[in-house]
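See below for the structure under consideration.
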Amino acid sequence: MTRVAFIGVGAMGGLMARRLLDAGHELSVWNRTPAKAEPLVEAGATPAATPAEAVGGAEVVITMVADSAALQAVSEGPEGIAAGATTMLEMSTVGPAAVARLQAALAPDAGLLDAPVLGSLSEAEAGTLQIFVGGSEPLLERVRPLLAELGSPIHVGPLGAGAAAKLVANLTLLGTLGVLGEALALADGLGLAHEQMWEVLEGTPLGAQAERRRGAVESGEYPLRFALALARKDADLVADAAAAAGVEVPLARAVRDWFAEAEAAGWGELDYSSVLGRIMGAR
Ligand SMILES: NC(=O)c1ccc[n+]([C@@H]2O[C@H](COP(=O)([O-])OP(=O)(O)OC[C@H]3O[C@@H](n4cnc5c(N)ncnc54)[C@H](OP(=O)(O)O)[C@@H]3O)[C@@H](O)[C@H]2O)c1
């Protein structure tokens with residue numbers, strides 16, 4: 001049993017925290033909107049009034065918040081976790097620069113791993129997330145049993161490498177959706193019948209993705225799993241990290257523009273896959 005402070009119990013964090021609780025770990029929880037922590041509190045977690053209070057007495061602190069601004073808000077300042085955390089697992093998607101900033105805010109002897117996740121709500125619920133871990137291997141070995149409740153940890157390098165790996169993985173997800181959306185729009189524009197369009201896509205490198213998205217595209221219903229605004233945030237992180245590293249990513253920037261355009265049109269709280277409908281309806 002490990003005493004865990006879980007900071008950020010939104011869609012993903014709520015399911016991950018629940019798994020830890022169900023596995024018998026002792027949990028203190030903090031969420032900016034306290035109501036979202038209530039189901040966990042009813043299941044035995046201890047609510048905290050501030051992130052700092054949640055961290056008191058915890059052996060491991062886990063953060064799972066929206067973005068780097070949220071991470072700063074929960075970690076820095078008098079009510080933040082940075083002053084009290086001794087071992088910390090940063091699991092949000094925030095990019096390497098935010099991880100470096102977090103490390104600078106922590107006490108010098110605190111242990112930090114960046115451990116963002118690939119997979120969505122069903123994987124979080126089932127404990128089958130892929131977890132990209134950056135940081136010290138001995139520290140990973142110490143927390144591996146805890147992470148194993150959530151999914152499969154893969155050590156990808158020093159601190160920041162987990163955040164970097166997550167951006168690489170997400171570029172493929174976002175890019176695939178962008179290309180699929182444009183392929184569908186092109187098929188429509190060139191007058192291909194829908195049935196034939198799906199048949200053509202089936203035999204392409206996007207075949208699996210097309211099959212997966214067909215029902216949503218045809219019904220126009222995109223059940224929320226991952227908010228489009230968060231996908232736009234990830235596309236920005238990719239573009240920023242690439243620019244900082246001097247890597248040219250014009251395709252990533254083009255995909256980012258599709259997500260930014262959809263968000264500006266008020267689609268930010270829809271599922272990110274609704275960008276397909278946005279691209280198809282853009283002409
Ligand atoms: N959903 C997915 O499929 C998925 C998959 C892999 C990775 N991720 C990543 O996992 C992270 C969480 O995603 P999610 O889908 O769980 O998002 P979510 O449901 O929107 O949850 C976001 C969490 O961040 C908190 N938050 C936002 N701004 C804050 C601030 N300024 N100060 C303090 N807390 C703040 C929210 O608090 P409130 O409840 O008060 O809003 C909530 O707890 C993101 O980095 C996302 O990119 C998501």
Side-chain angles (χ1 to χ4, degrees), residues 10-15 36 65-67 70 92-95 116-126 129-130 166-242 249-283:
M12 291 291 284
L15 293 168
K36 285 193 200 160
V65 291
D67 53 20
S92 335
T93 305
V94 290
V117 303
L118 186 62
S120 192
L121 304 186
S122 19
E123 290 78 14
E125 187 166 25
L129 294 164
Q130 264 189 61
K166 172 65 178 161
L167 295 188
V168 172
N170 272 25
L171 173 56
T172 72
L173 299 182
L174 304 181
T176 302
L177 272 187
V179 175
L180 179 60
E182 291 192 10
L184 293 170
L186 182 66
D188 233 13
L190 298 183
L192 273 185
H194 274 203
E195 199 53 42
Q196 275 67 47
M197 166 179 93
W198 292 112
E199 205 180 325
V200 168
L201 286 170
E202 210 179 285
T204 71
L206 289 191
Q209 189 62 213
E211 193 184 328
R212 180 166 171 217
R213 305 293 178 188
R214 182 173 178 171
V217 170
E218 286 183 339
S219 66
E221 308 247 326
Y222 299 90
L224 179 61
R225 296 159 63 83
F226 177 45
L228 189 144
L230 291 179
R232 192 271 310 145
K233 173 263 303 181
D234 288 357
D236 277 340
L237 287 173
V238 168
D240 292 350
V249 288
L251 285 174
R253 287 199 305 276
V255 169
R256 189 257 317 264
D257 289 348
W258 275 124
F259 282 96
E261 189 274 337
E263 188 183 15
W267 291 33
E269 288 180 18
L270 303 183
D271 190 70
Y272 83 124
S273 61
S274 66
V275 78
L276 293 172
R278 187 78 200 161
I279 297 172
M280 290 173 72
R283 67 197 182 93

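Every heavy atom of this structure was used, including side-chain atoms; hydrogens, water molecules and symmetry mates were not.
In this structure the side chain of Leu174 reaches within 4.5 angstrom of the side chain of Asp234, judged on heavy atoms. Between Ile279 and Glu182 the shortest side-chain heavy-atom distance falls below 4.5 Å. Under the 4.5 Å side-chain criterion, counting only non-hydrogen atoms from C-beta, Leu121 is in contact with Leu15. Side-chain contact between Val238 and Arg253 is absent, with no heavy-atom pair separated by less than 4.5 Å.
By the side-chain contact (heavy atoms from CB on, under 4.5 Å) test, Ala260 pairs with Arg232, sequence neighbours left out. Considering only residues two or more places apart in sequence or on other chains, Glu125 meets the side-chain hydrogen bond (donor to acceptor under 3.5 Å, both in side chains) condition with none of them. In this structure, Pro205 has no side-chain contact (heavy atoms from CB on, under 4.5 Å) partners at least two apart in sequence or on a different chain. For Tyr272, the ring-ring contact (aromatic ring centres under 6.0 Å, His included) partners at least two apart in sequence or on another chain are Phe226. Scored by the side-chain hydrogen bond (donor to acceptor under 3.5 Å, both in side chains) test, Arg212 finds no partners at all (sequence neighbours excluded).
Considering all non-hydrogen atoms of both residues, Leu167 and Gly95 come closest at CD1-CA, 4.2 Å.
The backbone N or O of Ala70 lies less than 3.5 Å from a partner atom in the side chain of Asp67, making a donor-acceptor pair. Judged purely by atom type and a 3.5 angstrom limit, Glu123 uses its side chain to pair as donor or acceptor with the backbone of Ser120. Looking only at distances, a side-chain donor or acceptor of Lys233 sits under 3.5 Å from a matching main-chain atom of Ala66. No side-chain donor-acceptor contact under 3.5 Å links Ser92 to the backbone of Val94. Within the 3.5 Å criterion, the main-chain N or O of Thr172 finds a donor-acceptor partner in the side chain of Thr176.
For the pair Arg278 and Trp258, the cation-pi criterion (under 6.0 Å, within 45° of the ring axis) is not fulfilled.
Applying the side chain to side chain donor-acceptor pair (under 3.5 Å) rule to pairs touching residues 217-226 yields Ser122-Arg225, Trp198-Glu218, Arg214-Glu218, sequence neighbours excluded.
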Go through the steps to decide whether Gln130 and Val117 satisfy the test side chain to side chain contact (heavy atoms under 4.5 Å, CB included), and finish with yes or no.
CA-CA 6 Å; Gln130 264 189 61; Val117 303; over 6 Å; no
